[in-house]
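My structure is below; once you've seen it, I'll send some questions.
For the numbers below, each heavy atom of this structure counts, side chains included, while hydrogens, waters and symmetry mates do not. Letters A, B, ... mirror the listed sequences (proteins, then strands); counts begin at 1.
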Amino acid sequence: MRVVIAEDLALLRDGLVRLLSAHGFQVVEAVDNGPSLLMALLRHRPDVAVIDVRLPPTFTDEGLQTALEARRRLPGLPVLILSQYVEQLYARELLSDRSGGVGYLLKDRVGDVEQFVEAVRRVAAGGTAMDAEVISQLLTRRVRDEPLGALTPKEREVLSMMAEGLSNAAIAARLFVTDKAIGKHTNNIFAKLGLPPSEDQNRRVMAVLAYLEAEPG
Amino acid sequence: MFEPVVGLLVNAATGLAAWPLLVLLGIYAGLTHLTGLDRRPLDRLLGMVHTLAGFQHGRAVRVLDRHGAGPYRPDGIRREVGWLAVHSVAGPACLILLAAFPAAADVIWNVRVVEPDRPISLTFTLSLLALMIAGWMTASYLHTAQARLAHLMLGCEPSLAERVRELTESRAAAVDTLAAELRRIERDLHDGAQARLIAMRMSLGMIKGEKDPDRMRELAGEAWESAGQALADLRHVVRGIHPPVLADRGLAGAIQATALLCPVPVEVDIVLPARPAAPVESAMYFAAAEALTNVAKHSGAGQAWVRLRHSAGMLRLTVGDDGRGGADPARGTGLDGIRSRLSAFDGRLKLDSPPEGSTELTMELPCVL
């Protein structure tokens, strides 16, 4: 699997290159600023890009902006954004083109190597990987509007785990129930959100987006 | 050239408008005082007086070219009502005075008709010309005089001593705020990240002397856990110093991001021509965040709104909600915190929170964009 890495701190950049190489990824280029990142993404069209949100020259959200720009030019290009902090605003922007293949994780999560590598693979496969902190920010809100308000508390819990990017099997394991029970919940969720039967991965992205975009009430 | 005449016309119009306002004010003040009527209609009338006074003061400042005197801040509503009473007479009176000139011209014209055999001479043309010049001079003199009157009566240019006292106070508040902030950061680091790092070092130290592989794995897990918590703590501290989203996206983005996290739905309406200076941005952001926290904690509201505009050298932020009202700056430190943050930049906080009514917080900061 071919990957492009963007991180301006050499220590972390080298760490990421080593970590991903050790897990069978081929790092085709590792860059340290926004403009080089855009060029690298357009040139290599990698299977996935791992990008630090804050990059030179502006040292603001250059990484995010570049990722969004690259996805405008190459729709569906899988990107995983790493950040020292998470903003729900940014999560929404990443998901807003509705084509999936996006991740948004705290940098700390890199420390949990297995889960991090799993998240990179999931994003490369067109799935989502939203940080648990984005999700927990959402849980403090009351949901008023339809159709999200129609979900049962259990279904909302399952949806929040779907947003993190967990598979049905992983959700089942976390909730100590059978895969079949989770399958029933996810089908209910898709039906209540009015998502037509289609490829499961795509429906999951749409459901997560509905979740992130819900107005609190 | 026509500016004084137009000005006098506007003054006359506002002066006439003052009449019904004064009458209503008298009636409502009496009723409110005698029968204990709801204060709100009276407050609304006083608000109109204030708006009118602000408008006229703005014009006076322009006419007298006294820019840089700072925003309009009257000493009190009594002064404004007093000015309104004077203006209601002076405004129309000046126009009547000016009307004497066309009247005089008319008389001269008629003299010509009454004595048709008198030659239409140079004197006749000259007297009309003289009248025109005198009229124009009088108009501009009256115009300036009215501006002076408004400026004097609304007396919003504080004396130098007053200004020095105000600045001394706001500087003290700024220093206090800064010191308190530094203490808070120190405490957060001490109790948070620092403590976690010590715990981590302890775990690592124990690993060094440990022989049992299972125990080593357990200790490594603890160290790993502590490192994660240290990172979370640092993130929290950084957010409190300068939220990264503020650096990334400016006030509009940062307030939007905060509104997204508010449990009450918030309507955000921000229009800014440019980014204010970083310290002003920061003060305004924390004020908005604090106000939204108050909405979430105390208001019991179903809907809130944030509005940010820049006009006439002033950044104006309004945060409102349809909750239970009755916010009191004397209780709780949130509003005090906002006030002292704003005062460091010569800003102001206005609270409108009647019991059982919607609350609106208006924060103003002078700021050049």
Please say whether more than 12 non-hydrogen atoms of neighbouring residues, nucleotides or ligands are located less than 6.0 Å from CZ in B/Arg309. yes
Non-hydrogen side-chain atoms of A/Leu89 and B/Gln256 separated by less than 4.5 Å: yes
Looking at every non-hydrogen atom in both residues, tell me the closest pair between B/Trp224 and A/Gly111 and how far apart they are. NE1-O, 3.1 Å
Does CD in B/Glu218 sit with more than 12 non-hydrogen atoms of other residues, nucleotides or ligands closer than 6.0 Å? yes
Roughly how far apart are A/Asp108 CG and B/Leu234 CG, rounded to 0.5 Å? 9.5 Å
Within the structure provided, determine whether B/Leu260 and A/Glu87 are in side-chain contact (heavy-atom separation under 4.5 Å). no
Which answer fits A/Arg109, side chain, backbone, both or neither, if we ask what part of it has an atom under 4.5 Å from a heavy atom of chain B? neither
Answer with side chain, backbone, both or neither: which region of A/Glu62 has an atom nearer than 4.5 Å to a non-hydrogen atom of chain B? neither
For B/Leu182, does the CG atom sit with more than 12 other heavy atoms under 6.0 Å from it, leaving out its own atoms? yes
So with a 6.0 Å cut-off around NE2 of B/His236, is the heavy-atom count from everything else above 12? no
Under the side chain to side chain contact (heavy atoms under 4.5 Å, CB included) criterion, do A/Glu133 and B/Arg235 qualify, and how do the steps go? CA-CA 12 Å; A/Glu133 199 164 300; B/Arg235 205 158 43 232; 3.6 Å; yes
Using the side chain to side chain contact (heavy atoms under 4.5 Å, CB included) rule, take B/Asp248 and A/Arg54 through it: C-alpha gap first, then chi angles, then the decisive distance, then the call. CA-CA 9 Å; B/Asp248 291 356; A/Arg54 179 170 293 195; 3.9 Å; yes
Count the heavy atoms belonging to other residues, nucleotides or ligands that lie under 6.0 Å from CZ of A/Arg43, then report whether that count exceeds 12. yes
Determine whether more than 12 heavy atoms belonging to other residues, nucleotides or ligands lie under 6.0 Å from atom CD of B/Glu186. yes
Do A/Glu93 and B/Arg249 meet the salt-bridge criterion of a basic N to acidic O distance under 4.0 Å? yes
Under a 4.5 Å heavy-atom cut-off, does chain B meet the side chain of A/Val86, its backbone, both or neither? backbone
Return yes when atom CZ of B/Arg201 has more than 12 non-hydrogen atoms of other residues, nucleotides or ligands closer than 6.0 Å, and no otherwise. no
